[in-house]
Amino acid sequence: MAKGITSRATDYSKWYGDVIAQAELADYSPVKGCMVIRPNGYAIWEAMQRELDARIKATGHENAYFPIFIPESFLTKEKEHVEGFAPECAVVTHGGGKELEEKLYVRPTSETIMYAMFSQWIQSWRDLPLLINQWANVVRWEMRTRLFLRTLEFLWQEGHTAHETFEEAEAEARKMLGVYQEFAETVMAIPVIPGKKTDSEKFRGALHTYCIEAMMQDHRALQAGTSHHLGQNFSKPFDVKFQARDATLQHVWQTSWGVSTRLIGAVIMVHSDDHGLVLPPKLAPQQVVAVPIWQSEDDKAKVTAVVKKIEDGLAGRVRFKADLREQYKPGWKFFHWEARGVPLRLEIGPRDVAAGQVVMVRRDTGQKTTLTVESFLEKCESLLAEIQQGLFDKALAFRKKHTHVMDSWQDFTKLMEGEEGFVYAGWCGKVTCEEKLKNETKATIRCIPDDSHPEPGKCLVCNEPSRRRVIYARAY
RNA sequence: CGGGGCGUAGCUCAGCUUGGUAGAGCGCGUGGUUUGGGACCACGAGGCCGCAGGUUCGAAUCCUGUCGCCCCGACCA
């Protein structure tokens with residue numbers, strides 16, 4: 001068994017930390033609550049950025065960069081927003097050895113500083129829509145942190161747009177949620193449920209919030225992305241106005257949306273196993289690793305020649321690495337690359353060279369296949385695609401298996417005290433029911449799912465009439 | 001901020017009860033033999049025992065304080 005990795009069944013939380021440590025994705029930092037993203041982890045983030053950035057640009061958005069410091073007066077302009085964020089902000093009081101006249105908040109998100117600029121940039125309806133995205137770090141002073149899932153500082157992408165009408169902003173918020181869903185499912189191989197947050201779970205300052213929710217292997221929910229329709233809640237205090245087609249002066253309708261390095265945590269918790277990290281090929285820094293095996297110098301020359309041939313054959317198509325280090329034995333390398341989640345491993349020894357073959361091992365299934373070098377070179381990309389799809393299918397089947405349709409409070413509490421899972425059940429719409437639910441079961445309404453057809457029933461908590469089922473679960 | 005645990009070599013930990021000046025395994029360096037699922041031998045480097053006081057002839061060990069970290073809860077992407 002894998003050294004240094006606690007099994008999921010023994011201690012899920014310890015397993016999560018062990019996988020990160022063994023794969024060298026991140027380290028705890030000297031600063032409490034912060035993390036260091038190591039090269040292996042950062043390479044995953046870069047792959048995500050590459051894929052998502054292309055999608056953001058393809059939908060007409062442009063990248064820009066705004067300051068990390070926000071004047072205190074900006075943050076306090078939107079009442080609900082400041083109530084939501086002020087308690088968890090880091091504040092700079094001194095600079096250049098002097099106390100500042102106005103405190104500077106380290107951005108917890110950039111709505112305020114961006115919209116102060118938007119108000120200067122927008123004059124006419126011809127300036128709309130304004131479609132901006134930024135890749136940045138943000139800081140939120142969380143009480144309890146976990147690597148990738150919740151740290152004081154994290155990396156993310158935040159899109160901010162301004163539109164002429166409610167309908168346009170609504171369409172934008174919806175569109176970007178769709179982009180997130182497609183990204184999560186095709187790149188990260190994580191099936192997600194798109195839906196809408198209840199008022200108590202929405203972003204402070206938004207009209208309403210859309211989200212995608214994913215199920216982890218401990219059956220808990222993780223919010224994988226959010227998209228907010230901000231209405232005119234920010235354009236009014238920040239005076240973001242434009243002269244409309246009918247010559248009247250109006251406030252813009254806005255959206256904001258983001259995903260963060262938290263998604264790396266999701267990838268780990270959805271796909272990995274007791275041997276360590278399992279990465280979807282599209283995110284893997286190395287998609288194929290070759291481990292050569294030899295005894296004699298003569299073997300060594302022949303084996304390395306085949307490795308070179310494969311390297312050349314894959315160049316420009318597949319991210320390939322040959323592990324030619326001589327201080328480690330093949331067995332050690334097998335475990336090493338397994339813990340790092342490399343999708344495909346090739347074992348190439350004298351026997352294989354003689355037969356013109358390689359031994360190929362899939363990280364996701366452990367399946368070993370012997371095939372000719374030519375055939376491997378030909379099939380490599382389709383195999384990676386197959387693994388990508390296989391991971392998604394597996395995660396989807398897992399989610400379905402642990403998703404239940406329920407009507408009884410007793411059944412629900414029993415499930416939450418045991419194996420947990422996603423539950424489709426009715427909700428009357430009252431906040432008091434959400435609070436009672438949270439206090440008694442630690443579960444929350446994750447979202448009002450898009451796929452939930454109106455279905456008259458009764459509220460899981462109070463038994464009063466409900467018009468549709470929502471998703472209940474415990475969440476990260 | 002509550003509850004629980006832990007700070008001794010890069011990592012995992014032993015030593016502490018009953019004070020006598022620091023150990024193991026892994027890892028690391030050098031040389032050699034090895035190489036199809038975590039190789040072996042030899043030699044070697046590496047620690048003011050989290051920090052600060054106190055008790056004592058003498059403290060990793062006893063006492064007081066303090067700081068930090070991890071896990072579980074309340075808040076959150």
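In what follows, every chain begins at residue 1, and chains take the letters A, B, ... in the order their sequences are listed.
Between A:Q295 atom CD and B:rU34 atom C1' there is a gap of 9 Å when expressed in whole angstrom units. Atom CZ in A:R362 sits about 20 Å away from atom C1' in B:rG37, given to the nearest Å. When the C1' atom of B:rA77 is taken as reference, atom CZ of A:R204 falls 15 Å away, rounded to whole Å. Put simply, NZ on A:K202 is 12 Å from P on B:rA77, counting in whole angstrom units. Between A:Y16 atom OH and B:rC70 atom P the separation is 13 Å, expressed in whole Å. Rounded to a whole Å, the NZ atom of A:K14 is 17 Å from the P atom of B:rG5. Between A:E434 atom CD and B:rC75 atom C1' the separation is 16 Å, expressed in whole Å. Rounded to an integer number of Å, the gap from CD1 of A:I20 to C1' of B:rC71 is 15 Å.
Taking the six-membered ring for Trp and thresholds of 30 and 60 degrees, A:H219 and A:H402 have nearly parallel ring planes, at less than 30 degrees apart. Ring orientation note: the planes of A:H336 and A:W332 are close to parallel, at an angle under 30° on the 30°/60° scale. Relative ring orientation between A:F234 and A:F238 is described as parallel, the plane-to-plane angle staying below 30° on a 0-90° scale split at 30° and 60°.
A donor atom on one side chain and an acceptor atom on the other are found under 3.5 Å apart for A:W257 and A:T255.
Comparing the P positions of B:rU12 and B:rG7 gives an interatomic distance of 11 Å, to the nearest angstrom. B:rG54 and B:rA22 have their P atoms separated by 23 Å, given to the nearest Å. The gap from the P atom of B:rC51 to that of B:rC11 amounts to 15 Å, rounded to the nearest Å.
Across every strand in view, B:rC1 sits in a pair with B:rG73 that passes the Watson-Crick or G-U test at under 3.5 angstrom. Remark: B:rC48 base-pairs with no nucleotide in the shown strands. Criterion, Watson-Crick or G-U wobble with two distances under 3.5 Å.
When each of A:E83, A:H81, A:E78 is tested with A:R204 by the rule side-chain hydrogen bond (donor to acceptor under 3.5 Å, both in side chains), just one qualifies, namely A:E83. The ring-ring contact (aromatic ring centres under 6.0 Å, His included) with A:F85 is formed by just one residue from the set A:W141, A:F203, A:F74, A:Y105; it is A:F203. Each of A:F412, A:Y424, A:W427 was checked for a side-chain contact (heavy atoms from CB on, under 4.5 Å) with A:L460, and the lone residue meeting it is A:F412.
Base contact: A:T151 has a heavy atom under 4.0 Å from a base atom. Residue A:V359 is classed as a base contact, given a heavy-atom separation below 4.0 Å to a base. Residue contacts shown for A:T226 are absent, as no nucleic acid heavy atom lies under 4.0 Å away. No engagement by A:K197 is indicated, since no non-hydrogen atom pair under 4.0 Å with the nucleic acid exists. Among the protein residues, A:R345 comes within range of the nucleic acid bases, having at least one heavy atom under 4.0 Å from a base atom. Residue contacts shown for A:L263 are absent, as no nucleic acid heavy atom lies under 4.0 Å away. Counting non-hydrogen atoms under 4.0 angstrom, A:S13 reaches the backbone sugars and phosphates but no base. A:D352 comes within contact range of at least one nucleobase, with a heavy-atom separation under 4.0 Å. Note on A:P350: a base of the nucleic acid sits closer than 4.0 angstrom, heavy atoms only. Among the atoms of the strands shown, base atoms are found under 4.0 Å from some heavy atom of A:F154. At the heavy-atom level, A:E142 lies under 4.0 Å from base atoms of the strands shown.
Distance from the side chain of A:P330 is smallest to B:rU35 among B:rC76, B:rC71, B:rU35.
Within a 6.0 Å radius of NZ in A:K77, more than 12 heavy atoms belonging to other residues, nucleotides or ligands are found.
Annotation: proximity of residues 173-184 of chain A to RNA chain B (heavy atom, distance under 4.0 Å) is found for no residue.
Remark: A:K438 is not in phosphate contact with B:rA74, judged by side-chain N or O atoms under 4.0 Å from OP1 or OP2. Here A:R144 reaches the OP1 or OP2 of B:rG73: one of its side-chain N or O atoms lies under 4.0 Å away.
Nearer the 5' end of RNA chain B, as judged by each residue's closest nucleotide, is the contact made by A:K368, out of A:L222 and A:K368. Each of A:R146 and A:S200 has a nearest nucleotide on RNA chain B; the 5'-most of these lies closest to A:R146.
Ring-base stacking between A:F335 and B:rG38 is satisfied, the centre separation being under 5.5 Å and the plane angle under 30°.
In summary, A:R345 and A:E338 engage in a salt bridge, as defined by a charged side-chain N under 4.0 Å from a carboxylate O.
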